[in-house]
Amino acid sequence: MAKIQTPQAVRGTQDMFGETEERFAHVVATFERVRRLYGFKGLQLPVIEPTAVFSRSLGEATDVVSKEMYSFEDRGGDSITLRPEFTAGIARAYLTNGWQQFAPMKLSVHGPLFRYERPQKGRYRQFHQIDAEIIGAAEPAADVELLVMADQLLKELGINDGVTLQLNTLGDTPSRDAWRAALVGYFNDHKGALSEDSLARLEKNPLRILDSKDPKDRPIADAAPVIDDYLSGEAQDFFGAVTAGLDAAGVAWTRNAALVRGLDYYRHTAFEFVTDRLGAQGTVLGGGRYDGLIENLGGPATPAVGWAAGIERLAMLVDSPAERLDVVIAVEDDSLVLKGTAILIALRRAGFAAEAVTTGSPRKRYDKAVAKNARILFAIQLDQGNPSWTVRSKEVQADELAPIRQMVSDIISR
RNA sequence: GCGACCGUAGCUCAGUUGGUUAGAGCGCUGGUUUGUGGUACCAGAGGUCGGGGGUUCAAGACCCCUCGGUCGCCCCA
């Protein structure tokens with residue numbers, strides 16, 4: 001009989017367990033706590049959307065839509081896509097549920113996203129993000145609130161060290177269009193010196209030449225026209241209000257005039273929290289204002305701003321969260337298994353995380369229990385035919401230990 | 001989509017210019033010792049060397065294809 005080949009996990013997906021899973025859960029739990037502090041409502045959204053949700057909002061020509069989406073025809077013949085990002089789906093939900101009545105809305109989501117990309121450090125085909133958006137708020141105060149929340153989140157995760165907030169403005173529509181035209185003209189004049197990748201970008205996404213990594217492009221990109229010279233008075237005031245708000249909140253930032261967004265719907269504020277600890281995937285949290293998106297989906301002109309952060313990337317930066325067992329019980333004689341189980345049940349009902357070691361070589365159960373690394377260790381054994389017990393603990397206050405000792409003592413002696 | 005490196009036991013790895021029954025540590029199971037916050041020792045289980053094809057008297061080692069991993073490019077969180 002031919003041996004069956006065990007199927008493998010799909011490329012770029014992960015089975016998270018142990019410390020990896022604990023780090024991941026810690027990031028999500030911290031986000032859930034912080035977003036409540038800022039009054040952001042939670043959302044649960046479908047993982048699948050009509051393909052048009054993304055093709056209309058992101059643009060057919062973008063790499064995400066043209067070559068990275070998991071799209072398929074369902075049994076009814078509709079084109080369905082596994083969401084590659086959150087923002088478009090949130091905007092769709094906002095429109096199809098008539099949430100304009102609640103505007104401005106502060107929303108948060110987290111969950112899996114899917115992109116068909118080559119896996120590398122901090123990048124997967126099924127990856128996970130936390131996401132926060134404010135829809136229907138045109139004021140710079142909304143941008144500031146989101147950034148202050150992001151800053152607090154990173155601080156509470158303990159990863160703000162070595163992470164810097166880079167900030168830029170893309171201006172309002174007239175400013176952005178004028179700047180873009182100037183850039184295209186400038187880069188066309190320097191076509192001969194640009195890298196091959198940047199020549200392609202010149203056709204598809206000229207702003208992206210500004211943050212090219214190719215050393216060949218750097219001198220040209222660094223000398224390119226800057227947005228500041230094209231900003232309308234209104235756009236200037238907007239950006240000034242954002243930076244003033246950040247300063248007032250004590251959030252450190254640096255201006256990065258080369259920071260752009262790939263997607264056309266972005267306006268005004270663009271930002272990234274960047275680290276040097278994740279190799280090529282330096283952006284840990286990024287976002288901006290996308291006043292054009294909801295119109296792209298056929299809705300009314302609606303201002304909005306938001307950010308997203310990769311949970312896997314944050315989890316890699318976070319210190320290993322210590323999830324310690326409260327109590328472990330080493331049952332060193334088989335005749336005491338029922339008593340051990342009774343203690344275990346009592347402890348758990350009293351709110352302690354507890355486990356018992358009752359299997360394997362009786363003589364080695366103590367060693368196994370030690371390996372559980374619990375705060376308190378009970379060993380129960382037979383002493384001249386009578387049940388007895390010993391306790392070891394570390395970093396445990398006497399007033400916490402006393403009732404537990406009593407509980408064990410009562411059960412052993414009854 | 002492009003490039004580089006890698007794939008031997010559950011895990012981390014060794015395996016000399018191709019050459020007998022493929023090894024170690026950890027982990028696991030059992031035993032002896034110790035009666036202790038990770039004792040020491042003994043024994044055991046566990047591998048179609050990622051998969052397929054080729055070269056050769058002989059392939060874990062060499063070649064080709066393929067699948068996966070890692071790190072870059074592109075793109076992006």
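We name chains A, B, ... by the order of the sequence lines, and we start the count at 1 in each one.
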| task | Would you indicate what A:Gly122 reaches in the nucleic acid, counting non-hydrogen atoms under 4.0 angstrom: base, sugar-phosphate, or nothing? | result | base
| Watson-Crick or G-U pairs under 3.5 Å in RNA chain B, rendered as dot-bracket with [ ] for crossing pairs and | for another strand | (((((((..((((.....[...)))).(((((.......))))).....(((((..]....))))))))))))....
| message | Can a side-chain donor-acceptor contact be found between A:Gln126 and A:Thr13 if the only test is distance below 3.5 angstrom? | response | no
| field | Phosphate contact (B:G69 OP1 or OP2) by A:Arg11 side-chain N/O below 4.0 Å | value | yes
| said: I want to check one thing: is the phosphate of B:G37, taken as OP1 and OP2, less than 4.0 Å away from some side-chain N or O of A:Arg392? | reply: yes
| For B:G1, does either OP1 or OP2 sit under 4.0 Å from a side-chain N or O belonging to A:Lys67? | no
| Touch check for A:Ala374, heavy atoms < 4.0 angstrom, all strands: base, sugar-phosphate only, or nothing? | base
| Within a strict 4.5 Å, meaning less than it, do heavy atoms of the A:Val318 and A:His26 side chains meet? | yes
| said: Once you apply a heavy-atom cut-off of 4.0 Å, does A:Ser393 come out as touching a base, just sugar-phosphate, or nothing? | reply: base
In residues 114-122 of chain A, what donor-acceptor pairs under 3.5 Å come from side-chain atoms, sequence neighbours left out?
residue  : atom : partner : partner atom : Å
A:Arg115 : NE   : A:Pro84 : O            : 2.9
A:Arg115 : NH2  : A:Pro84 : O            : 2.9

| task | May I ask you to evaluate whether A:Lys121 reaches the phosphate of B:G72, defined as a side-chain N or O under 4.0 Å from OP1 or OP2? | result | no
| Would you say a side-chain N or O of A:Arg208 is under 4.0 Å from OP1 or OP2 of B:C76? | yes
| query | Under the criteria of a ring-centre distance below 5.5 Å and an interplanar angle below 30°, is A:Phe127 stacked with the base of B:A77? | reply | yes
